[in-house]
Novice: 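Please read through the structure below; I'll follow up with questions.
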Amino acid sequence: MSGEVRVRIAPSPTGPFHIGTARTALFNLLYARANGGTYIVRVEDTDTARSTAEHEADILEGLRWLGLEADEGVVSANEERGGRGPYRQSARSARYAEVAAQLYTAGLAYYCFCTSAELDAERSAREKAKLPPRYSGRCAGIKAEDAARRVAAGESAALRFRIRPGVVVIDDLVRGRVEIDAEALGGDLVILRADGSPLYHFTVVVDDADMGITHVIRGEDHLSNTPKHILLFQALGVTLPKFAHLPLILNPDRTKMSKRKSQTAISDYRAEGFLKEAIINFLALLGWSTGSEDEVLNVEEIQARFSLEHVQKAGAVFDRTRLEWINGQWIRRLTHEELLARLRPFYDQAAADGRIGRPATDREIAALLPLIRERIPLLSSAIELTDFLFLDVLRHDPGLLVPKRWEAATACAALEAARPLIADGIGEGDAPLLDAPDPLEAKLRTLAEEQGWKAGDLFMALRAAATGRAATPPLFDSMRLLGRAAVLTRIDQAIAVLRAA
RNA sequence: GCCCCUAUCGUCUAGAGGCCUAGGACGCCACCCUUUCAAGGUGGAGAUCACGGGUUCGAAUCCCGUUGGGGGCACCA
């Protein structure tokens, strides 16, 4: 057995794929890649009441999308890779029962007949006495024969693991040596419910042992519980994995990031048009740094630099504004073909939702790319920036049609004067002019000069008339994309609106 | 309540005793570019390195304490 590195991410399908889970998965993958190891995905679905197939699918799809698919373990609803499974806890019941029996036989676990009502009472009594919650150990001393007899007679009993006294040492790769007195662990630990189903602290250890996990890399919220795991590993007589506890991702108020206070579902970020490259880049930099001033990095670059040495110890606030900046960086780094492909579903969705009047063709989106790639922080931003091209009717806002310095009459006159020049200067279905100076622009500038108008005001009035928006891609490109007929119709409509106002 | 973790600009961070009158990035402000909006460029404001004691010739960096923040303490994961 060489020193092969085996790490895992163990999501629980009790909710949609969470940003924090994605971050932990990423760090595990990075650690595996940096050390030539194996990255395993295990599904922790022992909480049957809250686990659903939909959530599992969302998590697996999210992992796949981000490029965090398993080397080994659960890949999809019906695919598992690797020979140390099953990798879904719901399929491992027999194994848990077996190991629990082993602990019981060795005298390391015992039956507990306390009812939940009794335990609740015990807990609240201690709470009232300002004592930390802790199981009294009331059933610990019941003679094995008596316990066995009661169980055989059908009495309901959970199985508890004996927490041995003493100090447990965690040698954490991020935090160094951490000592926790077993006294503070809350007493003997239930590993099997009365119905025989296993509990988290138990399954995680059995699985990590069975799957040969060498490094447990997870959130800091698990640090306090790690001694329970260590004691269990020792009771099973297996080699301890190394532990590395990552700093938590925080809400703006510095509490653990939660759905309640932040947007946590990966699918929501994806639907908004965040790129997987940006999410990976951003997540990698939350709690870790290159140690240099490099910031915009792809996975390969991150992998090449990754090590636990540079992992931060304190929690990191999730800064959405920074994510958007990184997203913009990545949008601008995509090739035209890539950007087109990424934008496609957003236009399709917008057409389906009726946010634009008709579907956009690849040709049309391709023509737009150079005009929008520097103007969209999110893929979804492209829609509102270009919707005027795909709308049949524009509803003009008179306020928008009149530049601040102008009267309505001036705007009206300007549109009327510009109309023939535009009719003359734009063809039907023109391609946007990228580099060449636009002769139409020159004519309109001359017109503005003759009339004593600022060219910018004229352009603003035209922009509002043609697009119905105050912020758009460059005006002349926009009008050419729109085509002569549509532009003239909209100018006429705008003039009518101004006259009526 | 008990236990554990933690502490550099608003935010993400560089910094592993002298290179720090603390560097970068996001955000913010100004200017430039400019038909709008962006993008880009330049510059600026912004941190008594939480506080108090030590150790040392010398501390953001090491030690102790205090305070603040966070996490954990289930027949949840």
Side-chain angles (χ1 to χ4, degrees), chain A residues 10-15 44-47 49-51 112 114-116 119-120 123 126-127 129-135 156-160 170 172 174-175 178-181 183-187 189-195 197 199-201 203-204 219-227 245 247-248 250 252-256 282 285-296 309-310 312-319 321-326 328 332 372-377 381 385 441 444-445 448 454-460 462-464 467 469-476:
Chain A
S12 183
T14 52
E44 308 216 324
D45 54 354
T46 51
D47 185 348
R50 293 193 301 145
S51 297
C112 173
C114 297
T115 64
S116 45
L119 294 173
D120 286 348
R123 193 168 16 250
R126 286 185 64 90
E127 198 174 317
K130 293 204 184 288
L131 287 166
R134 183 167 207 282
Y135 175 59
S156 170
L159 195 68
R160 281 188 193 267
I170 306 167
D172 194 277
V174 171
R175 280 148 224 286
V178 177
E179 298 184 7
I180 296 178
D181 194 322
E183 190 65 25
L185 262 29
L189 184 70
V190 175
I191 57 175
L192 246 40
R193 295 184 182 91
D195 68 4
S197 62
L199 257 15
Y200 170 75
H201 294 303
T203 57
V204 74
E220 194 202 331
D221 46 352
H222 286 101
L223 185 58
S224 298
N225 285 322
T226 301
H245 287 91
L248 259 21
L250 274 24
D253 65 2
R254 305 204 74 89
T255 52
K256 180 163 78 161
F282 174 75
L285 260 20
L286 260 194
W288 173 79
S289 73
T290 58
S292 70
E293 283 172 1
D294 303 332
E295 308 252 18
V296 183
E309 314 282 293
H310 281 98
Q312 203 78 14
K313 293 197 193 71
V317 173
F318 185 95
D319 181 0
T321 310
R322 183 174 160 82
L323 207 210
E324 286 191 15
W325 173 77
I326 291 183
R332 274 161 241 136
I372 63 174
R373 74 183 311 148
E374 262 136 40
R375 287 171 235 269
I376 51 172
S381 315
L385 197 58
E441 177 180 348
L444 288 169
R445 282 186 185 279
K454 293 210 138 195
D457 288 338
L458 206 214
F459 295 159
M460 199 62 226
L462 282 171
R463 180 190 319 282
T467 71
R469 286 191 180 271
T472 70
L475 177 61
F476 295 92

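Sequence lines set the chain letters: A, B, ... in the order given, protein chains first and strands last, and positions in each chain run from 1.
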Novice: Only counting residues at least two apart or in another chain, list the ones meeting side chain to side chain contact (heavy atoms under 4.5 Å, CB included) with A/P377.
Specialist: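 So A/P377 forms a side chain to side chain contact (heavy atoms under 4.5 Å, CB included) with A/E324, A/S381.
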Novice: Yes or no on salt bridge (charged side-chain N to carboxylate O under 4.0 Å, His left out) for A/E183 and A/R134, after CA distance, side-chain angles and deciding distance?
Specialist: CA-CA 9 Å; A/E183 190 65 25; A/R134 183 167 207 282; 3.6 Å; yes
Novice: If we take the P atom in both B/rC12 and B/rA50, what is their distance in whole Å?
Specialist: 14 Å
Novice: When the C1' atoms of B/rU34 and B/rU42 are considered, how many whole Å apart are they?
Specialist: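 Nearest-Å result for B/rU34 against B/rU42 at atom C1': 16 Å.
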Novice: From CG of A/L131 over to C1' of B/rC2, roughly how many Å is that when rounded to an integer?
Specialist: 9 Å
Novice: Identify, between A/K130 and A/S289, the residue whose nearest nucleotide on RNA chain B lies closer to the 5' end.
Specialist: A/K130
Novice: Classify A/G287 by what it touches in the nucleic acid, base, sugar-phosphate, or nothing, heavy-atom distance under 4.0 Å.
Specialist: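 Here A/G287 touches the backbone only, sparing every base.
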Novice: Taking B/rU66 as the reference, what is the distance to B/rU6 when you measure between their C1' atoms (whole Å, please)?
Specialist: 15 Å
Novice: Does B/rC26 pair with anything, Watson-Crick or G-U wobble, both distances under 3.5 Å, and if so, with which nucleotide?
Specialist: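 Here B/rC26 is engaged in a pair, and the nucleotide opposite it is B/rG10.
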Novice: Counting any heavy atom closer than 4.0 Å, what does A/P473 reach on the DNA or RNA strands: base, sugar-phosphate only, or nothing?
Specialist: base
Novice: Compare the minimum distances between each of B/rC37, B/rA14, B/rU11 and the side chain of A/V317, then state the nucleotide with the smallest one.
Specialist: B/rU11
Novice: Could you go step by step and tell me if A/E127 and A/R123 meet the salt bridge (charged side-chain N to carboxylate O under 4.0 Å, His left out) rule?
Specialist: CA-CA 6 Å; A/E127 198 174 317; A/R123 193 168 16 250; over 6 Å; no
Novice: Round to the nearest Å and state the distance from A/I170 atom CD1 to B/rC5 atom P.
Specialist: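 Value for this atom pair: 8 Å.
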Novice: With a 4.0 Å cutoff (strictly under), does any side-chain N or O of A/R469 reach OP1 or OP2 of B/rU36?
Specialist: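 No, A/R469 has no side-chain N/O under 4.0 Å of OP1/OP2 on B/rU36.
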Novice: When the ring planes of A/H222 and A/Y200 are compared, do they come out parallel, tilted or perpendicular, using 30° and 60° as the limits?
Specialist: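 Rings of A/H222 and A/Y200: tilted, 30 to 60°.
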Novice: How would you label the contact of A/E324 with the nucleic acid (heavy atoms, under 4.0 Å): base, sugar-phosphate, or nothing?
Specialist: nothing
Novice: Take nucleotides 59-76 of chain B nucleotide by nucleotide from the 5' end and write B, S or -, depending on whether a protein heavy atom sits under 4.0 Å from the base, only from the sugar-phosphate, or from neither.
Specialist: ----------SBBSBSBB
Novice: Where the side chain of A/R175 is defined as all heavy atoms beyond and including C-beta, which of B/rG40, B/rU35, B/rC5 is the nearest nucleotide?
Specialist: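 Given the options B/rG40, B/rU35, B/rC5, the side chain of A/R175 is closest to B/rC5.
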Novice: Rounded to whole angstrom units, what separation is found between the CD atom of A/E441 and the C1' atom of B/rU34?
Specialist: 11 Å
Novice: Rounded off to whole Å, could you give me the CG-to-P distance for the A/L475 and B/rA38 pair?
Specialist: 17 Å
Novice: Sticking with atom C1', work out how far B/rG27 lies from B/rA47, rounded to a whole angstrom.
Specialist: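 Nearest-Å result for B/rG27 against B/rA47 at atom C1': 16 Å.
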Novice: For A/T255, which residues count as a side chain to side chain contact (heavy atoms under 4.5 Å, CB included) partner, sequence neighbours excluded?
Specialist: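 In terms of side chain to side chain contact (heavy atoms under 4.5 Å, CB included), with neighbours along the sequence ignored, A/T255 is linked to A/N251, A/D253, A/K261.
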Novice: Check the distance between B/rG41's P and A/E374's CD and give it to me in whole angstrom.
Specialist: 11 Å
Novice: Go through the structure and list residues passing side chain to side chain contact (heavy atoms under 4.5 Å, CB included) with A/P247, not counting sequence neighbours.
Specialist: A/R23, A/R175, A/V311, A/Q312
Novice: Classify every nucleotide of nucleotides 20-29 of chain B by which part a protein heavy atom approaches to under 4.0 Å, writing B for the base, S for the sugar-phosphate alone and - for neither, in 5'-to-3' order.
Specialist: ---SBBSS--
Novice: With sequence neighbours excluded, tell me which residues meet side chain to side chain contact (heavy atoms under 4.5 Å, CB included) with A/R469.
Specialist: A/E384, A/D387, A/T467, A/T472
Novice: Return the value, rounded to whole Å, for the distance between atom CZ of A/F476 and atom P of B/rU35.
Specialist: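 One finds 10 Å between P of B/rU35 and CZ of A/F476, rounded.
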Novice: Atom CD of A/E179 to atom P of B/rC3: distance rounded to whole Å?
Specialist: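 Result: 14 Å.
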Novice: Under 4.0 Å, heavy atoms only, any strand: does A/Q312 hit a base, just the sugar-phosphate, or nothing?
Specialist: sugar-phosphate
Novice: With rounding to whole Å, what would you report as the distance between B/rA45 and B/rA38 at their C1' atoms?
Specialist: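 Going atom to atom, C1' in each nucleotide, I get 24 Å.
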Novice: Students often get this wrong, so: under 4.0 angstrom with heavy atoms, is A/P377 touching a base, only sugar-phosphate, or nothing?
Specialist: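 Nothing, no heavy atom under 4.0 Å.
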Novice: Tell me: CZ of A/R463 to P of B/rU34, nearest whole Å?
Specialist: 15 Å
Novice: Between A/K256 and A/E220, does any side-chain N to carboxylate O distance fall below 4.0 Å?
Specialist: no
Novice: Rounding to the closest angstrom, what is the interatomic distance between B/rG54 and B/rA60 at atom P?
Specialist: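 Nearest-Å result for B/rG54 against B/rA60 at atom P: 15 Å.
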Novice: Considering Watson-Crick and G-U wobble pairs with both distances under 3.5 Å, what does B/rC51 pair with?
Specialist: B/rG65
Novice: Using the C1' atom as the reference point in each nucleotide, state the distance between B/rG15 and B/rC49 in Å, no decimals.
Specialist: 10 Å
Novice: Using the P atom as the point on both nucleotides, what is the distance between B/rC51 and B/rC37, in whole Å?
Specialist: 43 Å
